[in-house]
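Comments concern the structure below.
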2 protein chains.
Amino acid sequence: MKKYLEILKKCPLFDGIEDSNLLKMLVCLGAKTDFYDKKYTVLSEATPAKYIGVVLSGSVQVIQIDYYGNRSILSGLGAGEVFAEAFACAEIGSMPVSVIANEPCEIMMIDSSHILHTCQNNCGFHQRLIYNLMKDLATKTIMFHQRIEVTSKRTTRDKLLTYLMLQAKKAGSNSFDIPFDRQELADYLEVERSGLSSEIGKLRREGILESEKKHFILY
Amino acid sequence: MKKYLEILKKCPLFDGIEDSNLLKMLVCLGAKTDFYDKKYTVLSEATPAKYIGVVLSGSVQVIQIDYYGNRSILSGLGAGEVFAEAFACAEIGSMPVSVIANEPCEIMMIDSSHILHTCQNNCGFHQRLIYNLMKDLATKTIMFHQRIEVTSKRTTRDKLLTYLMLQAKKAGSNSFDIPFDRQELADYLEVERSGLSSEIGKLRREGILESEKKHFILY
DNA sequence: AAAAGTCTGTTGAATTTTCAACATAAGGAG
DNA sequence: CTCCTTATGTTGAAAATTCAACAGACTTTT
(Lines give C-alpha, C1' and ligand atoms only; values in the text may rest on other atoms or scores of the structure.)
Protein backbone atom coordinates (compact mmCIF):
# COMPACT_ATOMS: atom_id res chain seq x y z
CA MET A 1 0.00 0.00 0.00
CA LYS A 2 2.94 2.23 0.79
CA LYS A 3 3.78 2.63 -2.87
CA TYR A 4 0.44 4.29 -3.45
CA LEU A 5 0.88 6.85 -0.69
CA GLU A 6 1.24 9.71 -3.15
CA ILE A 7 -2.01 8.72 -4.85
CA LEU A 8 -3.84 8.30 -1.55
CA LYS A 9 -2.73 11.73 -0.39
CA LYS A 10 -4.46 13.21 -3.43
CA CYS A 11 -7.63 11.23 -2.82
CA PRO A 12 -10.37 13.53 -1.50
CA LEU A 13 -11.44 10.83 0.93
CA PHE A 14 -8.20 11.26 2.89
CA ASP A 15 -7.88 15.02 2.86
CA GLY A 16 -6.46 16.43 6.04
CA ILE A 17 -5.16 13.10 7.31
CA GLU A 18 -1.45 12.98 7.93
CA ASP A 19 0.77 10.51 6.10
CA SER A 20 1.84 8.91 9.33
CA ASN A 21 -1.76 8.13 10.23
CA LEU A 22 -3.05 7.25 6.81
CA LEU A 23 -1.67 3.74 6.51
CA LYS A 24 -2.60 2.89 10.09
CA MET A 25 -6.10 4.11 9.43
CA LEU A 26 -6.44 1.98 6.32
CA VAL A 27 -5.55 -1.08 8.37
CA CYS A 28 -8.12 -0.04 10.95
CA LEU A 29 -10.72 0.29 8.19
CA GLY A 30 -9.89 -3.14 6.82
CA ALA A 31 -9.07 -1.77 3.37
CA LYS A 32 -8.33 -4.46 0.80
CA THR A 33 -6.71 -4.05 -2.57
CA ASP A 34 -7.04 -6.11 -5.74
CA PHE A 35 -5.85 -6.07 -9.32
CA TYR A 36 -8.28 -6.16 -12.21
CA ASP A 37 -7.64 -6.74 -15.88
CA LYS A 38 -9.13 -4.54 -18.58
CA LYS A 39 -12.91 -5.00 -18.93
CA TYR A 40 -13.15 -6.91 -15.68
CA THR A 41 -16.21 -6.09 -13.58
CA VAL A 42 -15.08 -4.51 -10.32
CA LEU A 43 -18.59 -4.16 -8.88
CA SER A 44 -21.66 -5.44 -10.62
CA GLU A 45 -25.20 -4.18 -10.74
CA ALA A 46 -27.65 -5.70 -8.25
CA THR A 47 -24.93 -6.91 -5.89
CA PRO A 48 -24.81 -5.49 -2.33
CA ALA A 49 -23.65 -1.87 -2.13
CA LYS A 50 -21.23 -2.30 0.75
CA TYR A 51 -17.95 -1.00 -0.52
CA ILE A 52 -16.42 2.34 -1.21
CA GLY A 53 -13.83 1.99 -3.96
CA VAL A 54 -10.66 3.97 -4.57
CA VAL A 55 -8.74 3.75 -7.84
CA LEU A 56 -5.03 3.28 -7.03
CA SER A 57 -3.84 2.85 -10.61
CA GLY A 58 -5.43 2.60 -14.03
CA SER A 59 -9.02 3.71 -14.51
CA VAL A 60 -12.59 2.48 -14.23
CA GLN A 61 -15.96 3.40 -15.69
CA VAL A 62 -19.30 3.54 -13.96
CA ILE A 63 -21.89 2.23 -16.39
CA GLN A 64 -25.53 1.32 -16.58
CA ILE A 65 -26.99 -1.06 -19.17
CA ASP A 66 -30.72 -1.05 -19.85
CA TYR A 67 -32.94 -3.91 -20.99
CA TYR A 68 -32.26 -3.11 -24.64
CA GLY A 69 -28.54 -3.44 -24.03
CA ASN A 70 -27.84 0.27 -24.40
CA ARG A 71 -24.91 1.36 -22.32
CA SER A 72 -24.78 4.69 -20.50
CA ILE A 73 -21.46 5.84 -19.17
CA LEU A 74 -22.08 7.70 -15.93
CA SER A 75 -18.48 8.58 -15.25
CA GLY A 76 -14.90 7.66 -15.92
CA LEU A 77 -12.53 7.69 -12.94
CA GLY A 78 -8.76 7.65 -12.71
CA ALA A 79 -6.13 7.19 -10.00
CA GLY A 80 -7.02 8.79 -6.68
CA GLU A 81 -10.72 8.97 -7.45
CA VAL A 82 -13.49 7.38 -5.40
CA PHE A 83 -16.46 5.36 -6.64
CA ALA A 84 -19.61 3.69 -5.34
CA GLU A 85 -19.52 5.90 -2.27
CA ALA A 86 -23.01 7.25 -2.90
CA PHE A 87 -24.58 3.78 -2.94
CA ALA A 88 -22.69 2.68 0.12
CA CYS A 89 -23.43 5.87 2.06
CA ALA A 90 -27.10 5.98 1.12
CA GLU A 91 -27.35 2.36 2.29
CA ILE A 92 -29.72 1.46 -0.51
CA GLY A 93 -28.85 -2.21 -0.43
CA SER A 94 -27.86 -3.03 -3.97
CA MET A 95 -25.81 -1.41 -6.70
CA PRO A 96 -27.85 0.31 -9.43
CA VAL A 97 -24.80 0.45 -11.72
CA SER A 98 -21.75 -1.57 -12.65
CA VAL A 99 -18.13 -0.53 -12.33
CA ILE A 100 -15.70 -1.97 -14.86
CA ALA A 101 -11.96 -1.72 -15.31
CA ASN A 102 -11.18 0.48 -18.27
CA GLU A 103 -7.58 -0.72 -18.29
CA PRO A 104 -5.55 -2.92 -15.96
CA CYS A 105 -5.89 -1.35 -12.54
CA GLU A 106 -5.48 -1.74 -8.82
CA ILE A 107 -8.46 -0.94 -6.65
CA MET A 108 -8.79 -0.43 -2.92
CA MET A 109 -12.11 -1.33 -1.31
CA ILE A 110 -13.27 -0.15 2.10
CA ASP A 111 -16.30 -1.66 3.78
CA SER A 112 -18.53 1.38 4.26
CA SER A 113 -19.91 0.15 7.56
CA HIS A 114 -16.44 0.65 9.03
CA ILE A 115 -16.79 4.32 8.24
CA LEU A 116 -20.49 4.84 8.86
CA HIS A 117 -21.24 2.65 11.84
CA THR A 118 -18.15 1.87 13.84
CA CYS A 119 -18.05 3.62 17.19
CA GLN A 120 -16.39 6.89 16.58
CA ASN A 121 -14.12 6.55 19.56
CA ASN A 122 -12.31 3.59 18.08
CA CYS A 123 -10.40 5.68 15.66
CA GLY A 124 -10.18 9.44 15.72
CA PHE A 125 -10.43 9.82 11.97
CA HIS A 126 -14.03 8.87 11.44
CA GLN A 127 -15.28 12.41 11.74
CA ARG A 128 -12.81 13.59 9.19
CA LEU A 129 -13.71 10.74 6.84
CA ILE A 130 -17.40 11.62 7.07
CA TYR A 131 -16.60 15.25 6.37
CA ASN A 132 -14.49 14.21 3.40
CA LEU A 133 -17.23 11.95 2.10
CA MET A 134 -19.66 14.84 2.35
CA LYS A 135 -17.32 17.09 0.35
CA ASP A 136 -16.71 14.36 -2.19
CA LEU A 137 -20.44 13.71 -2.65
CA ALA A 138 -21.08 17.43 -3.07
CA THR A 139 -18.46 17.49 -5.83
CA LYS A 140 -20.00 14.44 -7.48
CA THR A 141 -23.41 16.09 -7.42
CA ILE A 142 -21.96 19.03 -9.29
CA MET A 143 -20.43 16.69 -11.84
CA PHE A 144 -23.88 15.25 -12.44
CA HIS A 145 -25.25 18.74 -12.93
CA GLN A 146 -22.63 19.32 -15.59
CA ARG A 147 -23.44 16.03 -17.24
CA ILE A 148 -27.10 16.99 -17.36
CA GLU A 149 -26.15 20.38 -18.82
CA VAL A 150 -24.46 18.45 -21.62
CA THR A 151 -27.01 15.73 -22.26
CA SER A 152 -29.99 18.04 -22.00
CA LYS A 153 -29.01 19.58 -25.34
CA ARG A 154 -31.27 18.28 -28.06
CA THR A 155 -28.85 17.71 -30.93
CA THR A 156 -25.67 15.67 -31.22
CA ARG A 157 -23.85 18.80 -32.32
CA ASP A 158 -24.88 20.82 -29.26
CA LYS A 159 -24.13 17.98 -26.87
CA LEU A 160 -20.69 17.53 -28.36
CA LEU A 161 -19.83 21.23 -28.36
CA THR A 162 -21.11 21.72 -24.82
CA TYR A 163 -19.03 18.77 -23.68
CA LEU A 164 -15.91 19.90 -25.49
CA MET A 165 -16.21 23.45 -24.16
CA LEU A 166 -16.46 22.13 -20.61
CA GLN A 167 -13.40 19.95 -21.18
CA ALA A 168 -11.46 22.88 -22.63
CA LYS A 169 -12.40 24.99 -19.62
CA LYS A 170 -11.35 22.20 -17.28
CA ALA A 171 -8.03 21.79 -19.10
CA GLY A 172 -7.50 25.55 -19.19
CA SER A 173 -6.67 25.32 -22.89
CA ASN A 174 -8.41 24.91 -26.22
CA SER A 175 -6.15 21.93 -26.86
CA PHE A 176 -6.91 18.94 -24.67
CA ASP A 177 -7.46 15.19 -24.40
CA ILE A 178 -10.73 13.54 -23.54
CA PRO A 179 -10.94 10.32 -21.50
CA PHE A 180 -13.22 8.53 -23.97
CA ASP A 181 -12.92 6.84 -27.32
CA ARG A 182 -15.68 7.48 -29.87
CA GLN A 183 -18.06 4.78 -28.71
CA GLU A 184 -17.59 5.81 -25.09
CA LEU A 185 -18.10 9.46 -25.89
CA ALA A 186 -21.31 8.53 -27.71
CA ASP A 187 -22.46 6.56 -24.67
CA TYR A 188 -21.63 9.49 -22.40
CA LEU A 189 -23.42 12.01 -24.62
CA GLU A 190 -26.28 9.56 -25.19
CA VAL A 191 -26.13 9.67 -28.98
CA GLU A 192 -25.30 7.29 -31.81
CA ARG A 193 -21.65 6.64 -32.46
CA SER A 194 -22.09 6.98 -36.22
CA GLY A 195 -23.94 10.27 -35.85
CA LEU A 196 -21.25 11.50 -33.50
CA SER A 197 -18.47 10.60 -35.92
CA SER A 198 -20.22 12.35 -38.76
CA GLU A 199 -20.84 15.44 -36.63
CA ILE A 200 -17.15 15.56 -35.70
CA GLY A 201 -16.38 15.37 -39.41
CA LYS A 202 -18.72 18.28 -40.14
CA LEU A 203 -17.23 20.44 -37.39
CA ARG A 204 -13.77 19.65 -38.70
CA ARG A 205 -14.73 20.68 -42.23
CA GLU A 206 -16.29 23.87 -40.87
CA GLY A 207 -13.01 24.70 -39.16
CA ILE A 208 -14.56 24.70 -35.69
CA LEU A 209 -12.31 21.98 -34.33
CA GLU A 210 -9.50 19.60 -35.09
CA SER A 211 -9.31 16.14 -33.66
CA GLU A 212 -6.94 13.22 -33.69
CA LYS A 213 -8.33 10.28 -31.72
CA LYS A 214 -8.73 11.49 -28.13
CA HIS A 215 -7.08 14.85 -28.71
CA PHE A 216 -9.18 17.87 -29.62
CA ILE A 217 -8.43 21.48 -30.49
CA LEU A 218 -11.31 23.97 -30.42
CA TYR A 219 -11.25 27.19 -32.46
CA MET B 1 -40.58 28.44 13.25
CA LYS B 2 -42.31 26.37 15.87
CA LYS B 3 -45.25 25.74 13.57
CA TYR B 4 -42.96 23.94 11.13
CA LEU B 5 -41.51 21.62 13.75
CA GLU B 6 -43.25 18.59 12.26
CA ILE B 7 -41.82 19.39 8.84
CA LEU B 8 -38.35 20.00 10.22
CA LYS B 9 -38.39 16.68 12.05
CA LYS B 10 -38.91 14.96 8.71
CA CYS B 11 -36.11 16.90 7.06
CA PRO B 12 -33.09 14.63 6.51
CA LEU B 13 -30.80 17.47 7.54
CA PHE B 14 -32.07 17.25 11.12
CA ASP B 15 -32.24 13.49 11.56
CA GLY B 16 -31.34 12.35 15.03
CA ILE B 17 -31.63 15.80 16.58
CA GLU B 18 -34.13 16.05 19.41
CA ASP B 19 -37.07 18.45 19.20
CA SER B 20 -35.90 20.31 22.25
CA ASN B 21 -32.57 21.04 20.64
CA LEU B 22 -33.73 21.65 17.10
CA LEU B 23 -35.08 25.15 17.52
CA LYS B 24 -32.14 26.24 19.64
CA MET B 25 -29.80 24.89 17.03
CA LEU B 26 -31.54 26.79 14.24
CA VAL B 27 -31.03 30.00 16.18
CA CYS B 28 -27.37 29.07 16.64
CA LEU B 29 -27.07 28.50 12.89
CA GLY B 30 -28.68 31.83 12.12
CA ALA B 31 -31.46 30.25 10.05
CA LYS B 32 -33.73 32.78 8.35
CA THR B 33 -37.08 32.16 6.78
CA ASP B 34 -38.88 33.99 3.97
CA PHE B 35 -42.06 33.73 1.94
CA TYR B 36 -41.99 33.56 -1.83
CA ASP B 37 -44.81 33.90 -4.30
CA LYS B 38 -45.29 31.49 -7.18
CA LYS B 39 -42.57 31.83 -9.86
CA TYR B 40 -40.41 33.95 -7.61
CA THR B 41 -36.69 33.21 -7.86
CA VAL B 42 -35.45 31.90 -4.52
CA LEU B 43 -31.82 31.56 -5.59
CA SER B 44 -30.57 32.66 -8.96
CA GLU B 45 -27.84 31.33 -11.20
CA ALA B 46 -24.41 32.94 -10.89
CA THR B 47 -25.08 34.38 -7.43
CA PRO B 48 -22.90 33.22 -4.52
CA ALA B 49 -23.58 29.65 -3.38
CA LYS B 50 -23.66 30.33 0.34
CA TYR B 51 -26.97 29.02 1.52
CA ILE B 52 -28.50 25.67 2.16
CA GLY B 53 -32.27 25.90 1.63
CA VAL B 54 -35.05 23.94 3.29
CA VAL B 55 -38.61 23.98 1.95
CA LEU B 56 -41.00 24.57 4.87
CA SER B 57 -44.18 24.78 2.81
CA GLY B 58 -45.10 24.77 -0.87
CA SER B 59 -42.58 23.53 -3.41
CA VAL B 60 -39.67 24.70 -5.52
CA GLN B 61 -37.94 23.60 -8.70
CA VAL B 62 -34.25 23.52 -9.45
CA ILE B 63 -33.80 24.61 -13.06
CA GLN B 64 -31.11 25.42 -15.56
CA ILE B 65 -31.67 27.57 -18.64
CA ASP B 66 -29.20 27.44 -21.53
CA TYR B 67 -28.26 30.16 -24.02
CA TYR B 68 -31.09 29.11 -26.35
CA GLY B 69 -33.59 29.59 -23.55
CA ASN B 70 -34.28 25.87 -23.14
CA ARG B 71 -35.22 25.00 -19.61
CA SER B 72 -34.08 21.81 -17.90
CA ILE B 73 -35.78 20.83 -14.69
CA LEU B 74 -33.21 19.18 -12.44
CA SER B 75 -35.55 18.42 -9.59
CA GLY B 76 -38.79 19.37 -7.91
CA LEU B 77 -38.76 19.61 -4.11
CA GLY B 78 -41.55 19.76 -1.57
CA ALA B 79 -41.90 20.46 2.15
CA GLY B 80 -39.07 19.08 4.26
CA GLU B 81 -36.67 18.76 1.36
CA VAL B 82 -33.27 20.41 1.10
CA PHE B 83 -31.79 22.28 -1.87
CA ALA B 84 -28.57 23.99 -2.96
CA GLU B 85 -26.66 21.97 -0.36
CA ALA B 86 -24.31 20.51 -2.96
CA PHE B 87 -23.20 23.93 -4.21
CA ALA B 88 -22.77 25.30 -0.71
CA CYS B 89 -20.91 22.21 0.53
CA ALA B 90 -18.64 21.96 -2.49
CA GLU B 91 -17.82 25.65 -1.99
CA ILE B 92 -17.76 26.30 -5.70
CA GLY B 93 -18.48 29.99 -5.35
CA SER B 94 -21.49 30.59 -7.51
CA MET B 95 -24.76 28.82 -8.23
CA PRO B 96 -24.83 26.87 -11.53
CA VAL B 97 -28.64 26.64 -11.39
CA SER B 98 -31.65 28.66 -10.33
CA VAL B 99 -34.23 27.72 -7.73
CA ILE B 100 -37.74 29.02 -8.27
CA ALA B 101 -40.95 28.82 -6.24
CA ASN B 102 -43.35 26.44 -7.89
CA GLU B 103 -46.21 27.72 -5.73
CA PRO B 104 -46.38 30.12 -2.79
CA CYS B 105 -43.91 28.80 -0.27
CA GLU B 106 -41.91 29.45 2.86
CA ILE B 107 -38.20 28.74 2.72
CA MET B 108 -35.59 28.48 5.44
CA MET B 109 -32.01 29.43 4.55
CA ILE B 110 -28.95 28.46 6.52
CA ASP B 111 -25.57 30.01 5.82
CA SER B 112 -23.45 26.97 5.00
CA SER B 113 -20.33 28.39 6.62
CA HIS B 114 -22.11 28.09 9.96
CA ILE B 115 -22.23 24.36 9.39
CA LEU B 116 -18.94 23.79 7.59
CA HIS B 117 -16.55 26.18 9.26
CA THR B 118 -17.74 27.21 12.70
CA CYS B 119 -15.66 25.70 15.48
CA GLN B 120 -17.24 22.41 16.29
CA ASN B 121 -17.15 23.03 19.99
CA ASN B 122 -19.60 25.90 19.78
CA CYS B 123 -22.51 23.65 19.27
CA GLY B 124 -22.52 19.89 19.69
CA PHE B 125 -24.68 19.25 16.66
CA HIS B 126 -22.23 20.09 13.92
CA GLN B 127 -20.97 16.55 13.62
CA ARG B 128 -24.47 15.27 13.27
CA LEU B 129 -25.31 17.92 10.68
CA ILE B 130 -22.30 16.97 8.61
CA TYR B 131 -23.25 13.32 8.80
CA ASN B 132 -26.79 14.20 7.76
CA LEU B 133 -25.53 16.31 4.88
CA MET B 134 -23.40 13.39 3.75
CA LYS B 135 -26.43 11.06 3.82
CA ASP B 136 -28.57 13.63 2.04
CA LEU B 137 -25.98 14.14 -0.70
CA ALA B 138 -25.65 10.40 -1.18
CA THR B 139 -29.42 10.21 -1.67
CA LYS B 140 -29.34 13.10 -4.12
CA THR B 141 -26.60 11.38 -6.09
CA ILE B 142 -28.84 8.35 -6.42
CA MET B 143 -31.70 10.56 -7.61
CA PHE B 144 -29.43 11.87 -10.34
CA HIS B 145 -28.59 8.33 -11.33
CA GLN B 146 -32.28 7.64 -11.71
CA ARG B 147 -32.77 10.77 -13.73
CA ILE B 148 -29.98 9.71 -16.06
CA GLU B 149 -31.54 6.26 -16.32
CA VAL B 150 -34.68 8.02 -17.57
CA THR B 151 -33.16 10.63 -19.87
CA SER B 152 -30.61 8.24 -21.38
CA LYS B 153 -33.44 6.51 -23.23
CA ARG B 154 -33.45 7.54 -26.86
CA THR B 155 -37.15 7.94 -27.59
CA THR B 156 -39.84 10.05 -25.96
CA ARG B 157 -41.88 6.90 -25.42
CA ASP B 158 -39.10 5.08 -23.56
CA LYS B 159 -38.24 8.12 -21.45
CA LEU B 160 -41.87 8.54 -20.47
CA LEU B 161 -42.44 4.87 -19.67
CA THR B 162 -39.20 4.60 -17.70
CA TYR B 163 -40.18 7.69 -15.71
CA LEU B 164 -43.72 6.50 -15.08
CA MET B 165 -42.55 3.07 -13.98
CA LEU B 166 -40.15 4.63 -11.49
CA GLN B 167 -42.95 6.83 -10.16
CA ALA B 168 -45.28 3.85 -9.85
CA LYS B 169 -42.61 1.94 -7.98
CA LYS B 170 -42.03 4.91 -5.69
CA ALA B 171 -45.78 5.26 -5.04
CA GLY B 172 -46.14 1.53 -4.51
CA SER B 173 -49.12 1.51 -6.86
CA ASN B 174 -49.87 1.63 -10.58
CA SER B 175 -52.12 4.61 -9.86
CA PHE B 176 -50.23 7.73 -8.85
CA ASP B 177 -49.72 11.49 -9.26
CA ILE B 178 -46.67 13.09 -10.78
CA PRO B 179 -45.31 16.44 -9.55
CA PHE B 180 -45.16 18.00 -13.03
CA ASP B 181 -47.56 19.47 -15.54
CA ARG B 182 -46.99 18.57 -19.21
CA GLN B 183 -44.47 21.29 -20.00
CA GLU B 184 -42.54 20.54 -16.82
CA LEU B 185 -42.55 16.82 -17.51
CA ALA B 186 -41.21 17.54 -21.00
CA ASP B 187 -38.46 19.71 -19.50
CA TYR B 188 -37.60 16.97 -17.03
CA LEU B 189 -37.53 14.25 -19.70
CA GLU B 190 -35.74 16.57 -22.11
CA VAL B 191 -38.23 16.20 -24.93
CA GLU B 192 -40.71 18.40 -26.79
CA ARG B 193 -43.98 19.07 -25.04
CA SER B 194 -45.98 18.43 -28.20
CA GLY B 195 -44.22 15.15 -28.84
CA LEU B 196 -44.80 14.16 -25.23
CA SER B 197 -48.51 14.93 -25.44
CA SER B 198 -48.90 12.96 -28.60
CA GLU B 199 -47.00 10.03 -27.12
CA ILE B 200 -49.28 10.05 -24.07
CA GLY B 201 -52.21 10.00 -26.48
CA LYS B 202 -50.79 6.99 -28.30
CA LEU B 203 -50.15 5.07 -25.08
CA ARG B 204 -53.71 5.85 -23.99
CA ARG B 205 -55.14 4.54 -27.25
CA GLU B 206 -52.98 1.42 -26.95
CA GLY B 207 -54.44 0.79 -23.50
CA ILE B 208 -51.05 1.01 -21.79
CA LEU B 209 -52.02 3.88 -19.52
CA GLU B 210 -54.74 6.27 -18.51
CA SER B 211 -54.07 9.83 -17.53
CA GLU B 212 -56.00 12.80 -16.28
CA LYS B 213 -53.79 15.84 -15.80
CA LYS B 214 -51.18 14.87 -13.23
CA HIS B 215 -52.75 11.52 -12.39
CA PHE B 216 -51.59 8.39 -14.18
CA ILE B 217 -52.62 4.75 -14.14
CA LEU B 218 -50.27 2.20 -15.71
CA TYR B 219 -51.50 -1.17 -17.02
C1' DA C 1 -70.57 36.91 -17.21
C1' DA C 2 -67.20 38.00 -20.48
C1' DA C 3 -62.42 38.34 -21.51
C1' DA C 4 -57.86 37.00 -21.13
C1' DG C 5 -54.65 33.75 -20.22
C1' DT C 6 -52.98 28.94 -19.46
C1' DC C 7 -52.77 24.06 -20.31
C1' DT C 8 -53.26 20.22 -23.27
C1' DG C 9 -53.70 17.72 -27.44
C1' DT C 10 -53.22 17.50 -32.57
C1' DT C 11 -51.19 17.99 -37.00
C1' DG C 12 -47.85 18.17 -40.87
C1' DA C 13 -43.49 19.70 -42.64
C1' DA C 14 -38.65 20.18 -41.77
C1' DT C 15 -34.87 18.56 -39.34
C1' DT C 16 -32.25 15.19 -36.93
C1' DT C 17 -31.28 10.80 -35.20
C1' DT C 18 -31.06 6.04 -35.50
C1' DC C 19 -30.00 1.86 -37.73
C1' DA C 20 -27.51 -1.30 -40.64
C1' DA C 21 -23.98 -1.94 -43.59
C1' DC C 22 -19.60 -1.33 -45.37
C1' DA C 23 -14.58 0.58 -45.99
C1' DT C 24 -10.44 1.83 -44.24
C1' DA C 25 -6.92 2.45 -40.83
C1' DA C 26 -4.57 1.06 -36.76
C1' DG C 27 -3.07 -2.19 -33.37
C1' DG C 28 -2.14 -6.69 -31.40
C1' DA C 29 -1.34 -11.75 -31.60
C1' DG C 30 0.83 -15.46 -33.37
C1' DC D 1 4.95 -10.38 -41.65
C1' DT D 2 0.24 -11.72 -41.90
C1' DC D 3 -4.10 -12.42 -39.81
C1' DC D 4 -7.50 -10.91 -36.84
C1' DT D 5 -9.71 -7.63 -34.12
C1' DT D 6 -10.93 -3.07 -32.93
C1' DA D 7 -11.73 1.85 -33.83
C1' DT D 8 -13.33 5.27 -36.82
C1' DG D 9 -15.62 7.38 -40.56
C1' DT D 10 -19.26 7.32 -44.27
C1' DT D 11 -23.58 6.57 -46.33
C1' DG D 12 -28.63 6.30 -47.28
C1' DA D 13 -33.09 4.89 -45.85
C1' DA D 14 -36.25 4.55 -42.05
C1' DA D 15 -37.83 6.36 -37.84
C1' DA D 16 -38.36 9.88 -34.44
C1' DT D 17 -38.06 14.51 -32.86
C1' DT D 18 -38.58 19.28 -33.26
C1' DC D 19 -40.95 23.29 -34.64
C1' DA D 20 -44.81 26.27 -35.51
C1' DA D 21 -49.41 26.80 -35.53
C1' DC D 22 -54.00 26.13 -34.03
C1' DA D 23 -58.22 24.49 -31.35
C1' DG D 24 -60.65 23.30 -27.32
C1' DA D 25 -61.06 22.96 -22.30
C1' DC D 26 -60.25 25.20 -18.01
C1' DT D 27 -58.93 29.04 -14.84
C1' DT D 28 -58.45 33.45 -13.38
C1' DT D 29 -59.29 38.22 -13.69
C1' DT D 30 -61.95 42.12 -14.28
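In what follows, chains carry the letters A, B, and so on, assigned in the order in which the sequence lines appear, proteins first and then strands, with residues in each chain numbered from 1. None of these values were measured; they are calculated from a predicted model.
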Between atom [atom1] in [X] and atom [atom2] in [N], what is the gap in whole Å?
X: Q183(A); N: dT18(C); atom1: CD; atom2: P; answer: 12 Å
X: L160(B); N: dT8(C); atom1: CG; atom2: P; answer: 14 Å
X: N102(A); N: dT6(D); atom1: CG; atom2: P; answer: 15 Å
X: D158(B); N: dC19(C); atom1: CG; atom2: C1'; answer: 15 Å
X: K159(A); N: dT16(C); atom1: NZ; atom2: P; answer: 14 Å
X: K39(B); N: dT28(D); atom1: NZ; atom2: P; answer: 13 Å
X: D37(A); N: dG28(C); atom1: CG; atom2: P; answer: 16 Å
X: K214(A); N: dG27(C); atom1: NZ; atom2: P; answer: 12 Å

- Note on the structure: Per-helix bend value, the helix from dA1(C)-dT30(D) to dG30(C)-dC1(D), C1' rotation axes over five pairs per end, 10° rounding, shows 50°

- Message: For a quick check under 3.5 Å, do E103(B) and S59(B) share a side-chain donor-acceptor pair by atom type?
- Response: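 S59(B) and E103(B) do have a side-chain donor-acceptor pair below 3.5 Å.
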
Distance-only check: which donor-acceptor pairs under 3.5 Å involve side-chain atoms of residues 191-203 of chain A, not counting sequence neighbours?
{"unit_1": "E199(A)", "atom_1": "OE2", "unit_2": "R157(A)", "atom_2": "NH1", "d": "3.2"}

- Item | Candidate list L43(B), V42(B), I63(B), V60(B), test side-chain contact (heavy atoms from CB on, under 4.5 Å), partner S98(B), passing option |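 The side-chain contact (heavy atoms from CB on, under 4.5 Å) with S98(B) is passed solely by I63(B) among L43(B), V42(B), I63(B), V60(B).
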
Rounded to the nearest 0.5 Å, what's the gap from [atom1] on [X] to [atom2] on [Y]? Could you check?
X: R204(B); Y: E210(B); atom1: CZ; atom2: CD; value: 8.5 Å
X: T162(B); Y: Q146(B); atom1: OG1; atom2: CD; value: 11.0 Å
X: Y163(B); Y: T151(B); atom1: OH; atom2: OG1; value: 12.5 Å
X: I110(B); Y: K32(B); atom1: CD1; atom2: NZ; value: 11.5 Å

- Give the B/S/- string for nucleotides 9-21 of chain D, one per nucleotide from 5' to 3', where a protein heavy atom under 4.0 Å of the base yields B, of only the sugar-phosphate yields S, and otherwise -. BBB----SSSBBB

- Message: Show, in sequence, the C-alpha distance, side-chain angles and deciding distance for T141(A) and T141(B), and conclude whether the side-chain contact (heavy atoms from CB on, under 4.5 Å) test is met.
- Response: CA-CA 6 Å; T141(A) 302; T141(B) 302; 3.7 Å; yes

- Query: Is the closest side-chain heavy-atom distance between I178(B) and L164(B) below 4.5 Å?
  - Reply: yes

